Amino acid sequence: MYTLILTLHFIVCILLILLVLLQSGKGSAAGIFGASGADNLFASPTAFNAINKFTAILALILMCTSITLTIASNKKSSASVMDSIKIPAASAPAEAGK
């Protein structure tokens, strides 16, 4: 289960990065990839709203998988490194004068 959530998390990260890079800024005409075909592809307001909604959904999935992975990793490794250290028993103090 942990591996499935981790894989989903990586896929959502990559998709979210790509979607943010594909979106055009307020002042730019074509976004980061600057091709004129990108203007035609994302020119309609409907496509712009769809990209915004998909970005928001991916961001929500990313937050949920992050929280789930944090909880799962805390439950998975509850042992401490200090548990494996063996402390030697204290010996009796030496007598003075002998």
Side-chain angles (χ1 to χ4, degrees):
M1 185 68 179
Y2 184 80
T3 308
L4 177 69
I5 295 172
L6 188 63
T7 306
L8 177 68
H9 188 74
F10 283 141
I11 291 170
V12 169
C13 284
I14 299 299
L15 286 175
L16 192 60
I17 290 169
L18 290 175
L19 270 179
V20 168
L21 289 175
L22 281 175
Q23 289 181 6
S24 61
K26 289 182 181 179
S28 70
I32 195 167
F33 295 112
S36 61
D39 283 337
N40 295 335
L41 183 62
F42 299 117
S44 67
T46 311
F48 184 71
N49 288 335
I51 292 174
N52 283 343
K53 288 179 184 179
F54 192 56
T55 304
I57 290 169
L58 284 178
L60 183 66
I61 293 171
L62 184 73
M63 286 188 286
C64 291
T65 56
S66 297
I67 292 169
T68 306
L69 287 170
T70 302
I71 292 170
S73 67
N74 282 340
K75 289 182 180 179
K76 192 175 185 181
S77 61
S78 61
S80 175
V81 175
M82 297 300 290
D83 292 340
S84 63
I85 297 176
K86 295 181 181 179
I87 301 173
S91 60
E95 293 181 24
K98 285 190 178 179

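Given the structure is predicted, the values throughout are model-derived calculations rather than measurements. Heads up: numbering here begins at 1 and tracks the sequence.
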Close side-chain approach of T65 and V12, heavy atoms under 4.5 Å: no
Spacing of CG belonging to L15 relative to CG belonging to L22, to within rounding of 0.5 Å: 10.5 Å
With rounding to the nearest 0.5 Å, note down the distance linking CG in L19 to CD1 in I14. 12.0 Å
Report the residue from T7, L6, L8 that forms a side-chain contact (heavy atoms from CB on, under 4.5 Å) with F10. L6
On a heavy-atom basis, which atom in T55 and which in V20 lie closest, and how many Å separate them? CG2-CG2, 4.4 Å
Taking all non-hydrogen atoms of both residues into account, name the closest pair between A59 and L16 and its distance. N-CD1, 4.1 Å
Is it possible for you to say whether Y2 and I5 belong to one hydrophobic cluster, with membership spreading through side-chain heavy-atom contacts below 4.5 Å? yes
With rounding to the nearest 0.5 angstrom, report the CG to CG distance, L69 to N74. 11.0 Å
Is there a chain of hydrophobic side chains (I, L, V, M, F, W, Y, each step under 4.5 Å between heavy atoms) that links I61 to F54? yes
Exercise: identify the closest heavy-atom pair between T68 and C64: OG1-O, 2.7 Å
I need the L58 CG to L18 CG distance, nearest 0.5 Å. 10.5 Å
